[in-house]
Undergrad: 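Take this structure, written in structure tokens, and hold onto it; I'll ask about it next.
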Amino acid sequence: MADLKLKMGVYRYEHTEPLFDGRVAIDGVNATLDTSPLISDVFHRMTKGELDIAEYGLTYFLRSFDLDDSPFLALPIFPNRNFRHSALFVNVDSGIERPEDLAGKTVGEFALYGSDPGVWMKGVLADEFGVTPDQVGWVIGGTDHPIPSFDWIPQPVPDGVRVRHTDGDQTLAGLLEAGEIDALLSVDVPQSLLNGSTKKIRRLFVDYETVERAYYRRTGIFPMMHVVAIRRELAEAPGLAESVYRAFCQAKDIVQEHYRANAAKQHMAVITPWFSELFAENRALLGEDWWPYGVDANHKAVDTFLRYHHEQGLSKRLLTSEDIFVPAFLGTR
């Protein structure tokens, strides 16, 4: 029987590269792999029905469950995850010294109200610091470049929350530097901060690495931003979802084993100085599989995101892992 022809979209991370370069094949599938410099383009193509299986932002994926007939289910593959305390920036003259000071302020958010990092950090701010989204005014836009509203997905905004989009050629970084907004929640670091050309912007959590490591020790959560979505009708094809999952796991395992094996040589092929010490520290904290796939290993983090998504008015009902994952993967490690 001929392999099933499928169109897939995923960013070219080091842990998905083996799928692109042929080191890993998907059993029973003749896959055309697409990518884009802007991962949101992959999300958009999945939304339009141009892809069969694709990396998908968690909030983009979950918003589809409020449609009459949600077209997707998830595979427990998390290609993109980041700790996000580092994604909060403030104007140095805003008077914001602590997270609690965000109450009553105006905060920019990258791309859409309820972006993936936005959901995580709004949840953390509410849980740990008592700052809820309705206490803040929100301005949506691009960090260093203007972007239009992502009107190709549902845009729920709960009652009592004030949200507007930037005007014309405004950028959130420009508004922050000018003091027209007080803070910024962004997946992108403002370029002026990166190149040292501004003294008006700093991170809210200056020593964010220490804060993020403490957050992991306290919660056990390594926040995921994206999942891999599959069309519901394909999820029912015998063995297909399992084959895709195995391939993503194999690709990730190749990269993780490369780092483990090269620890003995102090990672001399890596261009970053002192990388081996960083690797050892991360390995001690996060474990041998520091980027886990599967439902069981990620249950707490997924459940936390689902709770935040519902509490922030982005899901009409509180979804569970049983609602969103292909049933065959419930209980997978």
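If you're wondering where the values come from, they're calculated on a predicted model, not measured in any experiment.
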Undergrad: Ion pair present between R232 and D69, side-chain N to carboxylate O less than 4.0 angstrom?
TA: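 Judged by the 4.0 Å cut-off on N to carboxylate O distance, R232 and D69 do not form a salt bridge.
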Undergrad: Taking E128 first and then R218, would you say they form a salt bridge - that is, a charged N and a carboxylate O separated by under 4.0 Å?
TA: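 A salt bridge is present here (some side-chain N lies under 4.0 Å from a carboxylate O).
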Undergrad: Under 3.5 Å, side chain of S243 to main-chain N/O of G239, donor-acceptor pair present?
TA: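 No; judged by distance alone, with no hydrogens or angles, the pair does not exist.
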Undergrad: Between the main-chain N or O of Q191 and the side-chain N or O of D144, is there a donor-acceptor pair closer than 3.5 Å?
TA: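 Confirmed, D144 side chain pairs with Q191 backbone.
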Undergrad: May I ask you to decide whether E209 forms a salt bridge with R213, counting only side-chain N to carboxylate O separations under 4.0 Å?
TA: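 Salt bridge present between E209 and R213.
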Undergrad: Apply salt bridge (Lys or Arg N to Asp or Glu O under 4.0 Å) to the pair E288 and R260, showing each step before the final yes or no.
TA: CA-CA 9 Å; E288 283 302 303; R260 293 188 198 102; 3.2 Å; yes
Undergrad: Determine, for K300 against D303, whether the closest basic-nitrogen to carboxylate-oxygen distance falls under 4.0 angstrom.
TA: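 So K300 does not pair with D303 through a salt bridge.
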Undergrad: Run D116 and R84 through salt bridge (Lys or Arg N to Asp or Glu O under 4.0 Å) and show every step you take.
TA: CA-CA 10 Å; D116 293 315; R84 287 306 188 191; over 6 Å; no
Undergrad: Side chain of D66, backbone of R63: donor and acceptor closer than 3.5 Å?
TA: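 No.
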Undergrad: Determine whether W290 and F279 satisfy the following criterion, ring pair (Phe, Tyr, Trp, His ring centres under 6.0 Å), listing intermediate values before the conclusion.
TA: CA-CA 10 Å; W290 59 89; F279 176 72; 5.4 Å; yes
Undergrad: Quickly, which of F305, Y215, Y216 forms a side chain to side chain contact (heavy atoms under 4.5 Å, CB included) with P223? Name it, please.
TA: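 The side chain to side chain contact (heavy atoms under 4.5 Å, CB included) with P223 is passed solely by Y215 among F305, Y215, Y216.
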Undergrad: Under 6.0 Å between ring centres: does that hold for W291 and F222?
TA: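 They qualify: ring centres under 6.0 Å apart.
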Undergrad: Between L62 and L314, is there a side-chain heavy-atom distance shorter than 4.5 Å?
TA: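 The answer is no; the side chains never approach within 4.5 Å.
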Undergrad: Among pairs that include at least one residue of residues 41-59, which meet salt bridge (Lys or Arg N to Asp or Glu O under 4.0 Å), considering only residues two or more places apart or in two chains?
TA: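 As it turns out, the salt bridge (Lys or Arg N to Asp or Glu O under 4.0 Å) pairs with a partner in residues 41-59, which skip direct neighbours, are D34-R45, R45-E50, K48-E50.
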Undergrad: Does one side chain, of Y245 or Q250, offer a donor that lies under 3.5 Å from an acceptor on the other?
TA: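 Y245 vs Q250: no donor-acceptor pair found between side chains.
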Undergrad: Could you go through the side-chain hydrogen bond (donor to acceptor under 3.5 Å, both in side chains) check for H267 and S276 one step at a time?
TA: CA-CA 6 Å; H267 299 97; S276 279; 2.7 Å; yes
Undergrad: Same cluster for V163 and F110 if Ile/Leu/Val/Met/Phe/Trp/Tyr side chains link at under 4.5 Å?
TA: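 Yes, because V163 and F110 connect within a single hydrophobic cluster, where side-chain heavy atoms sit under 4.5 Å apart.
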Undergrad: Please assess S197 against S192 for the test side-chain hydrogen bond (donor to acceptor under 3.5 Å, both in side chains), listing each intermediate value before the final yes or no.
TA: CA-CA 5 Å; S197 64; S192 59; 4.8 Å; no
Undergrad: Under 4.0 Å between a Lys/Arg side-chain N and an Asp/Glu carboxylate O for R307 and D127?
TA: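 A salt bridge is present here (some side-chain N lies under 4.0 Å from a carboxylate O).
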Undergrad: Who pairs with K105 by salt bridge (Lys or Arg N to Asp or Glu O under 4.0 Å), at least two apart in sequence or on another chain?
TA: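 K105 satisfies salt bridge (Lys or Arg N to Asp or Glu O under 4.0 Å) with no residue once adjacent residues are dropped.
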Undergrad: Does a sphere of radius 6.0 Å around CZ in F150 hold more than 12 heavy atoms from other residues, nucleotides or ligands, not counting ones at 6.0 Å or beyond?
TA: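 Count over threshold, so yes.
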Undergrad: Please determine if E109 and K122 form a salt bridge, counting it only when a charged side-chain N lies under 4.0 Å from a carboxylate O.
TA: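 A salt bridge links E109 with K122.
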Undergrad: Can you see whether N91 engages E177 through a side-chain donor-acceptor pair at a distance of less than 3.5 angstrom?
TA: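 Judged by distance alone, the side chains do not pair up.
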Undergrad: With a cut-off of 6.0 Å (strictly less than), are more than 12 heavy atoms of other residues, nucleotides or ligands near OH of Y13?
TA: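 Atom OH in Y13 is crowded, with more than 12 foreign heavy atoms closer than 6.0 Å.
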Undergrad: Test ring pair (Phe, Tyr, Trp, His ring centres under 6.0 Å) on F205 and F89; report intermediate values, then the result.
TA: CA-CA 8 Å; F205 297 96; F89 307 89; over 10 Å; no
Undergrad: Using a 6.0 Å cut-off, check whether atom NE2 of H145 has over 12 heavy atoms from anything other than its own residue.
TA: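 12 or below, so no.
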Undergrad: Evaluate Y293 against F248 for ring pair (Phe, Tyr, Trp, His ring centres under 6.0 Å), listing each step before the verdict.
TA: CA-CA 9 Å; Y293 293 164; F248 273 87; 7.1 Å; no
Undergrad: Report yes or no: do T132 and D134 form a side-chain donor-acceptor pair below 3.5 Å?
TA: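 Present: a donor and an acceptor within the cut-off.
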Undergrad: Mind telling me whether F43 and Y60 have parallel, tilted or perpendicular rings, with 30° and 60° as the class edges?
TA: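 Rings of Y60 and F43: tilted, as their planes differ by 30° to 60°.
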